[in-house]
Every structure is written in structure tokens, then in C-alpha cells.
Novice: 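Here's a structure for you.
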Amino acid sequence: MSQSKSFKHVKRLWRNDAVVEMSGLDRLVYRSNKLGEDLTLTNTGGGNTSSKLTERDPLTGENVEVLWIKGSGGDLRTAKRDAFASLYLDKVRAMKTRYLADPVRGPKTRIEDEMHPLYNHCVFNLNSRACSIDTPLHTFVPFKHVDHLHPNAVIAVCASVNQEQLCNEIYGDDVIYAPWQRPGFDIGLLIESLIRDNPRAKGVLLGHHGMSSWSDDDETCYDTALEIVDRAAAFIEARDRGRMTFGGQKYSGPADDERRRLLIEILPWLRGRLSSAKRMVATIQDDEKMLRFVNSIDGPRLAALGTSCPDHFLRTKIKPLFVEWDPNRSELDGLKSALTEGVIQYRADYEAYYARNKRPGSPPMRGADPTVVLIPGLGMIAWGKNKSESRVTAEFYNCAIEVIRGAEAIDRYEAMDEREAFDIEYWPLEEAKLRRMPPERELNRRIAVVVGAGNGIGKAAARRLASEGAHIVSVDVDEAAAKATAREITQTHGEGIGIAGSGSSNCGPAIGLECNIADRESVSRMFDDAVIAYGGLDAVIVTAGVFPPPDQAGRIEDGEWARTFEVNVTGAYIVADEAYRILKQQGLAAALVFTTSANAVVSKKGSMAYDVSKAAANHLVRELAIEMAPLVRVNAVAPATVLTGSTMFPRDRVIASLTKYGIAFGGDETTEQLRDKLADFYARRSLIQAPIEPEDQAEAIFILVSERLSKTTGHVIPVDGGLPEGFLR
């Protein structure tokens with residue numbers, strides 16, 4: 001195969017100056033990252049790479065051959081050194097004797113599954129990374145470097161009815177064809193045999209799976225992989241059906257604004273119906289390519305055939321739910337009716353699929369709800385246990401559509417055999433991979449809107465909820481502060497994987513939004529944006545508030561009095577009212593938590609507007625608890641004065657408070673010094689005599705949002721260090 005290093009449909013990202021100082025595993029990591037960065041070459045989490053390297057045995061000190069291979073669950077684009085498993089090559093090769101000695105061997109036999117745990121006895125240097133299911137393929141290819149990928153263009157060839165004929169037409173003797181066979185020991189030996197019979201071949205096409213390239217030079221192996229993909233893509237491009245792709249277009253609408261309106265209306269409603277067992281998080285894809293598929297004549301028929309390869313349907317299930325609905329009418333009730341009928345039928349079909357194919361010892365059914373919903377005019381809604389997983393699911397069905405497009409251009413699309421698909425989906429080795437995943441955290445699958453998250457208590461609450469796995473909608477009147485909190489959470493907990501999602505639906509575990517809670521239109525827009533980002537919401541926390549500093553006589557102007565109630569009471573009500581609009585559609589139990597104040601029950605001079613507004617907020621909690629029961633629990637935390645990180649304590653307010661309490665201070669002291677004096681005063685007047693920090697409030701908020709106080713509603717919990725004058729009365 002010619003290594004021209006010039007490609008039309010793929011990106012050659014290899015740079016010799018970047019690897020000149022590298023050797024061994026570091027070059028493998030580099031090669032893997034470059035392959036993963038080009039999304040035409042493989043999907044997130046898919047594919048694996050390997051190198052057979054000489055290493056020093058830590059026990060004997062002798063040089064040994066080690067197979068380094070991207071481990072199970074890793075991702076080529078983001079892989080680091082610790083993503084690779086390492087095995088003594090001679091020990092893995094020695095397993096061949098044991099396999100061949102079994103009289104009942106072959107694909108999906110008992111001995112095939114028994115081989116996988118034996119890799120634990122081949123581990124080099126106590127490496128804890130679990131090795132890939134494709135380890136035999138990499139082991140028995142008689143070349144130093146192997147790249148195994150899942151490119152859309154190649155899978156389009158591998159998912160065509162006449163896939164072997166097409167392979168020969170596109171590649172001739174350069175690439176071997178191997179029909180579908182489940183990954184395992186047997187296919188590794190089959191490829192070894194095919195290479196022996198076809199010594200000129202530089203790669204293999206695996207029916208309904210993907211491709212592999214090989215070479216004794218890592219750069220050549222990389223270039224070979226690119227050329228295999230490029231040739232398939234060029235073959236497809238030359239036969240593209242243009243306007244007749246997927247049979248041509250059946251629908252054209254609705255317009256962008258109307259599509260957004262319908263998605264905002266339907267997402268929480270649909271989330272509630274798909275989250276009866278466990279809550280799900282959504283990712284929307286409504287770009288031109290997705291709309292071309294869902295609006296097409298043949299889209300429903302092609303989607304119903306099922307997906308084409310294991311990597312796809314492990315995320316997307318055997319097929320998506322394609323909703324029969326005319327988007328040109330834009331009738332919401334009609335869409336809900338179609339979705340209701342579609343979900344019921346999908347569950348019945350999936351349960352029947354499981355019943356038809358289950359075997360003795362099959363893992364239990366994991367759930368019959370669709371993870372991909374296709375709606376004409378609206379696009380795709382993908383679902384997962386968190387944002388990262390739903391983005392991956394969306395990415396994989398984007399890939400599935402590209403595979404279908406390519407296969408239909410060059411031949412006819414052929415989905416994987418149902419029995420084979422089931423045996424992958426419910427393979428004990430796949431089940432074991434799922435069981436190796438860390439347990440879910442307490443607020444996983446939850447979406448929390450934190451109003452006032454730009455600083456102080458709100459920021460601490462956002463951090464605390466995120467630490468328990470919640471997705472955070474960071475909201476503040478200061479948009480830059482809201483985005484800064486979201487950015488910090490994303491950097492702390494990771495963007496996640498998966499590259500799909502249109503617009504803000506491509507977000508990570510947190511998103512920052514601006515909102516003026518005294519303006520209902522602003523609040524409504526904020527919640528709409530949250531729905532587009534994640535699909536719904538589970539908790540709303542309001543920490544935003546204002547305190548108008550009084551003058552030397554302890555008075556404020558009428559306008560400041562009105563503004564205090566506008567934000568602290570009316571704003572909180574508007575947020576709750578707009579949230580309830582969404583929560584009623586969703587139908588899932590939810591929590592609202594407000595931040596009021598010890599001032600609500602402690603009468604004192606100099607803060608009348610604030611104190612009275614917080615007393616009203618306390619009663620608002622009780623009223624809302626009654627109005628929203630039983631769906632929503634409404635509670636509050638009541639801190640004493642929290643100075644750390646609060647924007648409610650500018651210098652003039654601190655000075656007013658010091659003056660009120662007769663605390664001496666100097667005009668040349670910094671604002672922080674003045675705050676420390678005031679904080680010390682507040683600490684000493686409490687029973688515990690310790691400063692009240694934002695994190696103290698955040699802990700109480702977390703408890704109220706979680707299921708730990710699931711039977712508590714209509715209550716205000718003091719977090720004030722113990723103020724006798726604030727005791728309940």
C-alpha cells in the first residue's frame with residue numbers, strides 16, 4: 001500500500017518533530033491521541049492501539065517483550081500512559097496452546113470466555129489496567145504495531161450487503177476481509193492465519209466491526225490506517241446520492257425558533273416518562289445532517305433495521321425510537337401522543353427482543369426504555385445517566401447515521417444479525433466491564449439550578465452538589481461570575497467524553513447562565529436554556545439576595561425598600577413558579593431550597609427591609625410547600641451573617657454594622673480587616689462561637705436536596721452557630 005501521506009478525507013496529524021525525543025510507550029500514547037483526535041477515524045471510547053516493546057523485567061532484570069495495548073474503557077483521544085494495559089507477550093502467546101487443546105473451541109464457546117480472565121496471569125509490572133477484549137487480535141498479528149479503529153466510512157463498507165465484494169473492489173490485495181465474528185481468541189487466530197495466507201496485506205476489514213492496520217514501524221502503521229479509511233471515504237463520496245440520500249426529504253419544517261419551542265415543551269415531559277426507573281440526562285442533536293435523516297422518506301425504515309456494529313448498539317441499544325409525527329403541523333399534543341405510543345411499543349419490542357434471545361445465565365435485562373429518540377423536524381434526543389454518557393450516545397448514533405448513509409450510497413445497508421447483537425449486548429464480559437465502573441454518587445443523574453452561584457453561599461452550594469455528581473446550572477445576575485463557577489466545576493470534575501450535541505446541549509457537567517430573578521422573562525429564558533442543556537431539572541436552589549445598607553440614621557430610601565422585596569421575596573417566588581411549570585410537566589419528585597436568614601426571626605435595628613423581606617421569604621417557603629406538594633419539597637436554610645465570599649457585604653455595609661454594634665475601627669483599615677472584625681463579633685455572639693462559612697450552608701443545602709431528608713418539607717433549618725434569640729418560637 002502506498003504511503004503518500006496525503007489524504008483527502010482524513011487528517012494526518014502526525015508530526016515527526018513531536019516524537020523525535022519519544023520512545024516506547026510514549027510514542028504509542030502519541031499515536032493513539034493523533035488517531036483519536038480525528039473524529040473520522042474512530043468514535044469516543046472506540047478502537048484500540050498496541051505496540052510490542054522491549055522492556056526490562058522488574059523481577060529478573062532481563063529484557064522481555066511486552067504487549068502494550070489500550071485498556072478496556074479507555075479513549076484514544078484522551079488516553080495517557082495509565083490508559084494502557086501491559087502483558088508479557090510470550091505468556092499471552094502461550095495461551096494459544098491451551099485454547100487449541102480444547103475440543104469444543106470457536107466463537108462464543110466456553111473456552112473463549114474462559115481465556116479472558118487468564119490475561120491476569122500475564123500482567124507485566126503489576127499493571128492494574130484491564131486489557132481490551134481485542135487483545136488476541138493485537139497479540140497474533142505478527143507485526144510490532146497494530147491500530148484497530150471504528151471509522152464510519154469503513155463500517156459503511158462492513159455493513160453493506162455485499163461487504164466482501166466491496167472490500168475486494170476498494171482495496172484489492174492490500175486489505176484482507178474477515179466476516180463478522182465476536183471479538184475474542186478465535187478471531188485473533190483467524191486473522192493470524194489470514195495474514196499468513198496474504199503476506200502483502202497491510203490491514204483487515206472486519207465485517208460489522210471496523211478495521212485494523214499493522215506494521216513494524218509505528219508511523220507507517222498510522223499512515224496505513226489513514227489510507228484504509230481515506231480509500232473507503234473516497235469510494236463512498238464518488239457514489240453519494242445527494243438530494244436523494246435516505247430516499248429524499250419528506251418533511252421540511254419547523255423553523256429554528258419553533259423547533260426550539262417544541263423541544264423546550266417536550267423535553268421535561270419526555271424525561272419524566274423515560275426516568276421512571278432511573279433519571280436520565282439528555283443531549284440534543286438538531287444540526288443539518290441529523291435533520292436530513294429524521295426528515296427523510298427512508299429514515300424510519302432504515303432506523304428500524306437496527307445498528308451496524310457492537311460499539312454503536314452498546315450505547316444506542318439495538319435500534320432507536322423513531323417517532324411517527326408530521327412536524328409541519330407543529331401540534332404539541334399530537335407529538336406527545338405519538339411519543340407515548342412509541343415508548344409503549346418500544347418497551348414491548350425490546351422486552352420481546354430480550355425474551356427471544358436470552359440464554360441460561362444471561363445477565364438480567366438492563367431496561368427497556370430507548371436511549372435514542374428520533375423526531376421528524378426536531379432531530380435526535382439521546383439519553384444517558386449523565387451528560388457525558390448522553391453525549392457519547394448521541395455521538396454513536398450520529399456515527400450510525402453516517403454508516404447507513406455510506407452503505408446506502410454504495411450498496412444496501414445491512415444491520416447486524418439480531419442474535420449476534422444480543423450476544424454482544426448481554427455478553428458476560430461486557431457485563432463485567434459495566435460492573436467494574438465506580439458506583440454512582442448520591443446526586444448522579446440529577447440536574448440542579450443554583451441561583452446566586454457566582455459567589456458566596458451559591459458558589460459553595462454549586463461546588464458541594466457537583467462533588468456528589470449533580471449537573472450544575474450556575475446562575476447569577478453577573479454572567480461572568482456564573483460562567484466562572486461553571487468553568488471551575490467543569491475543570492474540577494472533567495468535561496467528560498463524547499463530542500455530540502448541538503449548541504449549549506454540547507455542554508459538560510456545568511453551564512453558566514445570566515438571570516435577573518426579579519424579571520420573569522429573564523427567569524423563564526434561563527430555565528428554557530437549562531432544559532435545552534440537560535433535558536429537565538431536579539433541584540432549584542436560590543441563594544441570591546440583596547441587603548440595602550442603611551444611612552447613619554439606620555434608614556433606607558423607599559426605592560431600596562421596594563427593591564429588597566422585589567429580589568428577596570418576589571424574585572424567589574418567580575423562580576419557584578417558573579420552575580414548577582417545568583417540574584409539573586416532568587412529573588419527577590424534586591426539591592426547592594431557599595436561603596433566608598436568622599434575621600427573619602430576630603428583630604433588631606438598622607436592617608428593617610432585609611429582615612422583614614426574609615420573614616416573608618420564610619413564609620413563602622411554607623406556602624410553596626403546600627402549593628407544590630406532593631411533587632416538590634420546599635425548604636430553606638437560615639444562616640446567620642456569612643461574610644466570606646459574599647457580595648452583600650461591601651465596605652459601606654460593613655462599616656454600618658461595625659458602627660451599629662459599637663465596634664471600634666479605623667478609617668485606614670482594609671475592607672478585609674473590617675470584615676474580619678465583624679465576623680469575629682458575629683462568631684462570639686453565637687453559642688458555638690465559630691464563624692459561619694458558605695460551606696456550612698452548602699452542606700445543609702445538599703442534605704435538603706438529597707434523599708436524606710426526603711420526608712421534610714415546609715421547614716427552615718437554622719445554620720447560625722446557635723443564636724438563642726433565633727430559636728423557634
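Reckoned from all heavy atoms, side chains included, excluding hydrogens, waters and symmetry mates.
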Novice: Keeping to residues at least two apart or across chains, list the salt bridge (Lys or Arg N to Asp or Glu O under 4.0 Å) pairs with something in residues 498-508.
Specialist: none
Novice: Is the closest side-chain heavy-atom distance between Leu592 and Arg633 below 4.5 Å?
Specialist: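 Leu592 vs Arg633: side chains apart.
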Novice: Show me the pairs that pass ring pair (Phe, Tyr, Trp, His ring centres under 6.0 Å) and involve residues 315-341, at least two apart or across chains.
Specialist: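 The answer is none; no pair qualifies.
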Novice: Suppose we screen for salt bridge (charged side-chain N to carboxylate O under 4.0 Å, His left out). Which residues come up paired with Glu420, at least two apart in sequence or across chains?
Specialist: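 Once residues adjacent in sequence are excluded, the partners of Glu420 under the salt bridge (charged side-chain N to carboxylate O under 4.0 Å, His left out) criterion are Lys108.
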Novice: Got Thr307 and Val403 here, is their nearest side-chain heavy-atom distance under 4.5 Å?
Specialist: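 The answer is no; the side chains never approach within 4.5 Å.
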Novice: Has the side chain of Ser32 got a donor or acceptor atom that lies under 3.5 Å from a matching backbone atom of Lys70?
Specialist: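 A pair under 3.5 Å: no.
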Novice: Are the aromatic rings of His493 and His471 close, with centres under 6.0 Å apart?
Specialist: no
Novice: Going by the ring pair (Phe, Tyr, Trp, His ring centres under 6.0 Å) test, which pairs reach into residues 408-439, not counting sequence neighbours?
Specialist: Tyr353-Phe422, Tyr354-Phe422, Tyr354-Tyr426, Phe422-Tyr426
Novice: Are there more than 12 heavy atoms of other residues, nucleotides or ligands under 6.0 Å from atom CG of Asp257?
Specialist: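 Counting other residues, nucleotides and ligands, CG of Asp257 stays at 12 neighbours or fewer.
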Novice: A side-chain contact here means heavy atoms from C-beta on lying under 4.5 Å apart; do Ile375 and Val373 qualify?
Specialist: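 A side-chain contact exists here, since the closest heavy-atom pair is under 4.5 Å.
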Novice: Would you call Phe185 and Pro107 a side-chain contact if the rule is heavy atoms closer than 4.5 Å?
Specialist: no
Novice: Glu331 versus Leu335: any side-chain heavy-atom pair under 4.5 Å?
Specialist: no
Novice: Between Tyr350 and Asp369, is any pair of side-chain heavy atoms under 4.5 Å apart?
Specialist: no
Novice: With sequence neighbours left out, which residue pairs that include part of residues 273-282 fulfil the salt bridge (Lys or Arg N to Asp or Glu O under 4.0 Å) condition?
Specialist: Arg279-Asp538
Novice: For Lys250, does the NZ atom sit with more than 12 other heavy atoms under 6.0 Å from it, leaving out its own atoms?
Specialist: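 It does not: Lys250 NZ has 12 such atoms or fewer within range.
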Novice: Restricting to non-hydrogen atoms, name the atom on Met280 and the atom on Ser275 that form the minimum distance, rounded to 0.1 Å.
Specialist: N-OG, 3.1 Å
Novice: With rounding to the nearest 0.5 angstrom, report the CD to CG distance, Gln163 to Leu206.
Specialist: 10.5 Å
Novice: Are any non-hydrogen side-chain atoms of Pro151 and Met211 less than 4.5 angstrom apart?
Specialist: yes
Novice: Between Ser390 and Gly384, which heavy-atom pair has the shortest distance, and what is it?
Specialist: CB-N, 3.5 Å
Novice: Going by an N to O cut-off under 4.0 Å, is there a salt bridge joining Arg261 and Asp528?
Specialist: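 No salt bridge links Arg261 with Asp528.
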Novice: What closest approach, in Å, do Gly587 and Leu631 show between heavy atoms, and which atom pair accounts for it?
Specialist: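 Closest pair (atom of Gly587, atom of Leu631, distance): C-CD1, 3.7 Å.
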Novice: What's the spacing between Phe396 CZ and Cys309 SG if we round to 0.5 Å?
Specialist: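 Rounded to the nearest 0.5 Å, the CZ-SG separation comes to 8.0 Å.
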Novice: Please give me the minimum heavy-atom distance between Pro254 and Leu262, naming the atom from each residue.
Specialist: CG-CD1, 4.2 Å
Novice: Any chance you could measure Thr371, atom OG1, to Tyr397, atom OH, to the nearest 0.5 Å?
Specialist: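 The distance works out to 10.0 Å.
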Novice: Can you confirm whether Tyr177 sits close enough to Cys158 that some side-chain heavy atom of one is under 4.5 Å from a side-chain heavy atom of the other?
Specialist: no
Novice: Give every residue pair that meets the ring pair (Phe, Tyr, Trp, His ring centres under 6.0 Å) criterion with at least one member in residues 260-297, sequence neighbours excluded.
Specialist: Phe246-Phe293
